[in-house]
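Step one of this worksheet: look at the structure below.
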Amino acid sequence: MSIHGTNRYLGGFLIGCFLIAALVGLFWTPYDPLAISLGGKLLPPGGQHWLGTDEYGRDVLSRLLLGARSSVSISLLTVTFAVFFGLILGTLSGYARGWIDRVIMLLTDTLLAFPSILLALALLSILGANMFGVILALGLAYLPTVIRVVRGAVMSLREREFIEASRLMGHPAFYIMRCHIVPNCLAPIIVIATSMFGSVLLTESALSFLGLGVPPPAPTWGNMLASARPYMDRAAWLGVFPGLCISLTLLGINLFGDYVRDRFDPRMRGL
Amino acid sequence: MLRFVFSRLLTAAPTLLLVSIAVFTLIRLVPGDPVGLMLGDNADEAAYAAMSQRLGLDQPIVVQFLTWLKAVLQGDLGNSITTGQPVLSLVLHRFAVSAQLVLIAVAIATVIAVPLGMLAAWRQNSAFDLAVITGATALMSIPTFWLGLMLLLFLGLNLGWLPVLGYVSIADDFWSGLVYLVMPVASLVLHEAGILVRMARASTLDVLRLDYVTHARAKGLSEGTVLIRHVARNAFGPTWTLLGLILGNLLGGVAVVETVFTIPGLGRLIVESIYGRDYPVLQGCLLFVATTYVIVNLIVDLCYPIFDPRVKAQ
């Protein structure tokens with residue numbers, strides 16, 4: 001068994017914990033995550049509040065659970081957005097070639113000239129810092145990568161005999177793309193979607209940390225870290241737990257992503 | 001070689017033009033009215049019209065773009081709305097701070113990560129390999145801003161070894177500047193080294209399976225010679241490309257680390273300009289970072305034949 005094979009159980013376990021936390025946060029939290037209690041400010045972990053309370057007396061565990069929910073929904077929607085449009089534009093670009101390809105590639109290359117976090121920042125200043133702004137900004141920032149990957153896969157597929165056979169049978173281009181091309185480039189898409197999920201989660205928490213993500217009082221792991229900064233000397237737990245959540249989730253996604261890549265891309269096995 | 005350099009330069013020019021169009025368009029899509037913002041709330045219509053005319057906002061959009069591009073090419077990026085300073089000098093000043101942080105961090109990360117990744121690949125599937133790859137994946141999974149906060153907590157607050165807040169430029173006072181750089185550099189190094197180790201390992205594994213490596217071993221060359229003379233050079237190519245991407249990304253994206261350690265770098269400037277709706281500054285920063293990104297990747301491409309002479313032929 002390769003190295004990534006051994007690590008996949010740990011990865012799967014961490015992702016499982018993350019998803020369960022998000023699911024639990026959807027229906028139940030120990031306390032109201034937004035309820036301010038000035039009497040119970042900055043309580044250390046233990047007793048009634050397992051992970052302590054923050055500067056407004058809000059329960060940290062409840063806020064972490066709610067934060068998991070917003071992280072899952074933002075990352076999933078962003079990846080779905082980027083993969084959906086990336087698949088359409090990449091397939092069109094790689095299969096049709098000609099001017100369609102040139103126009104799409106021109107736009108893709110322009111967007112790729114910006115570091116993705118910077119592009120997301122710039123788009124956020126247009127779209128506004130709210131959940132849909134974040135999803136759209138991140139989705140657009142990651143779109144060019146998907147287009148590139150899909151286009152590459154499609155370009156090599158379109159020269160294969162079975163595609164040519166389908167063309168000779170008189171199948172229309174749309175049918176060929178839908179029934180032959182897209183199903184055959186699912187492997188690279190699954191691989192890139194898995195690694196993108198982690199990268200989106202990281203960028204989203206970085207944006208929240210900078211105060212440009214989902215606005216408070218709604219908790220995200222990133223904005224919880226940002227508001228913990230002034231209290232690090234008195235209430236270190238405020239900074240420890242949200243970061244631990246981000247790191248463990250990312251570790252899970254990265255470990256599992258390696259396994260997914262081994263599975264779907266045999267050439268990369270063991271790398 | 002000259003032809004290779006020339007053709008790469010030619011492909012960079014249209015990208016830069018597109019980047020400038022994108023930045024120009026992006027800023028015009030931002031909701032809000034720059035003239036109203038500059039004049040404040042109590043401006044009359046005459047002043048408004050005069051300001052629009054002065055800024056050229058009454059011109060057709062293409063004319064506006066060409067005027068702006070001409071100014072940019074002459075090094076005039078406009079003035080900051082909040083401070084009135086020229087944007088170019090502001091950007092260059094802040095860039096110097098970020099660049100010193102990023103260059104030191106990336107250099108250290110490369111020196112540690114590349115040999116480690118290669119050794120792990122050489123001993124593939126050993127306990128050493130498992131430890132390296134798991135460690136690298138773990139480091140890669142820790143966000144730099146959290147790593148920074150934890151370093152602050154332990155080295156700064158608990159142990160009191162390093163200063164917690166503030167920033168001193170290396171240019172002003174070398175030793176105390178260096179002390180202030182330790183934690184920000186460390187948090188960048190650990191994260192980026194994780195990514196680089198994995199890349200170096202993967203590309204080394206790719207090369208190790210090639211026939212010419214078997215051939216070199218069959219000739220009776222020692223493992224050291226095979227690794228250094230035959231494998232290392234070829235395996236460094238993909239890592240070198242990734243290095244360019246990381247460098248470019250960091251130059252625009254160290255905002256989080258700069259925020260943690262209150263360093264007045266370019267990333268902070270971008271975030272501040274978004275908060276303060278200082279559009280000339282934001283526009284200047286975007287243009288500057290994207291141009292730097294394109295240029296860094298161009299330089300990386302141009303250096304590529306040093307490691308892999310086959311590139312030149314293509």
Side-chain angles (χ1 to χ4, degrees), chain A residues 1-4 6-7 10-11 106-107 109-119 121-129 198 202-203 205-207 209-212 221-222 225-226 228-229 232-233 236 239-240 242-244 246-255 257-258 267-268 270-271, chain B residues 14-16 18-19 21-23 26-27 29-31 121 124-125 129-130 133-134 137-138 140-147 149-150 152-153 156-158 164 198 201-203 205-206 245 248-253 255-256 259-260 270-271 273-275 277 282 285-286 289-291 293-294 297:
Chain A
M1 194 188 281
S2 80
I3 278 184
H4 303 317
T6 359
N7 276 340
L10 180 60
L106 204 69
L107 293 174
D109 285 343
T110 313
L111 290 181
L112 279 175
F114 295 90
S116 54
I117 188 164
L118 190 71
L119 191 60
L121 276 176
L123 290 168
L124 267 180
S125 63
I126 299 172
L127 299 164
L202 182 64
T203 317
S205 49
L207 288 177
F209 182 74
L210 294 172
L212 294 163
W221 294 344
L225 268 183
R229 267 185 71 220
M232 287 305 280
D233 51 342
V240 172
L244 211 56
I246 302 175
S247 304
L248 289 176
T249 308
L250 275 178
L251 180 63
I253 296 170
N254 287 333
L255 289 176
D258 288 337
R267 279 169 304 139
M268 306 281 268
L271 292 188
Chain B
T15 315
L16 286 176
L18 283 171
V19 162
I21 295 176
V23 169
L26 220 62
I27 294 298
L29 288 174
V30 174
Q124 191 188 1
N125 291 334
D129 184 27
L130 185 69
I133 191 94
T134 311
T137 312
M140 188 179 92
S141 306
I142 304 176
T144 44
F145 47 95
W146 188 56
L147 205 57
L149 272 181
M150 290 301 105
L152 266 182
L153 182 64
L157 291 169
N158 287 1
V164 174
R198 287 166 50 101
R201 179 178 174 275
S203 48
L205 279 180
D206 252 355
L245 289 175
N249 250 317
L250 282 182
L251 287 176
V256 280
T259 305
V260 173
I270 295 172
V271 176
S273 68
I274 292 177
Y275 273 133
R277 300 184 169 274
L282 180 58
C285 290
L286 287 178
V289 173
T291 310
Y293 195 53
V294 172
N297 284 311

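Between the OG1 atom of B/Thr137 and the CG atom of A/Leu10 there is a distance of 10.0 Å, given to the nearest 0.5 Å. Note: B/Leu18 CG to A/Leu111 CG = 10.0 Å, rounded to the nearest 0.5 Å. For the atom pair OG (B/Ser141) and CG (A/Leu202), the distance works out to 9.0 Å, reported to the nearest 0.5 Å.
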*Is there a side-chain contact (heavy atoms from CB on, under 4.5 Å) between B/Ile274 and A/Leu124 once you walk through the steps?*
CA-CA 9 Å; B/Ile274 292 177; A/Leu124 267 180; over 6 Å; no

_If you apply the rule side-chain contact (heavy atoms from CB on, under 4.5 Å), what do you find for B/Leu153 with A/Val240, and how did you get there?_
CA-CA 10 Å; B/Leu153 182 64; A/Val240 172; 4.2 Å; yes

*asked:* I'd like to know whether B/Phe145 forms a side-chain contact (heavy atoms from CB on, under 4.5 Å) with A/Leu210, so could you lay out the CA-CA distance, the side-chain angles of the two residues, the decisive distance to 0.1 Å, and finally the verdict.
replied: CA-CA 10 Å; B/Phe145 47 95; A/Leu210 294 172; over 6 Å; no

*Quick one: do B/Leu152 and A/Met232 satisfy side-chain contact (heavy atoms from CB on, under 4.5 Å)? Show the steps, please.*
CA-CA 9 Å; B/Leu152 266 182; A/Met232 287 305 280; over 6 Å; no

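Contacts of B/Ile142 with chain A are made by both backbone and side-chain atoms, with heavy-atom separations under 4.5 Å. Proximity to chain B (any heavy atom under 4.5 Å) is shown, for A/Leu248, by neither the backbone nor the side chain. Contacts between B/Thr15 and chain A at a heavy-atom distance below 4.5 Å involve the side chain alone, from C-beta outward. Both the backbone and the side chain of A/Ser205 come within contact range of chain B, judged by heavy atoms closer than 4.5 Å. Contact of A/Phe209 with chain B is made through the side chain alone, with heavy-atom distances under 4.5 Å.
Residue with the most contacts toward chain B among A/Ala236, A/Gly222, A/Ala113: A/Ala113 (heavy-atom pairs, distance under 4.5 Å). Put simply, of A/Gly198, A/Ala228, A/Gly211, A/Ser116, the one with the most heavy-atom pairs under 4.5 Å next to chain B is A/Gly211. Contact tally against chain A (heavy-atom pairs below 4.5 Å) for B/Val294, B/Val23, B/Leu286: the top residue is B/Leu286. Here A/Ser247 is the residue among A/Gly252, A/Ala226, A/Ser125, A/Ser247 with the most heavy-atom pairs under 4.5 Å with chain B.
A pairwise comparison of heavy atoms in B/Leu29 and A/Ile126 identifies O-CG2, 3.5 Å as the closest pair.
Looking only at distances, a side-chain donor or acceptor of B/Trp146 sits under 3.5 Å from a matching main-chain atom of A/Gly239.
Between B/Leu26 and A/Leu123, the closest side-chain pair of non-hydrogen atoms falls below 4.5 Å.
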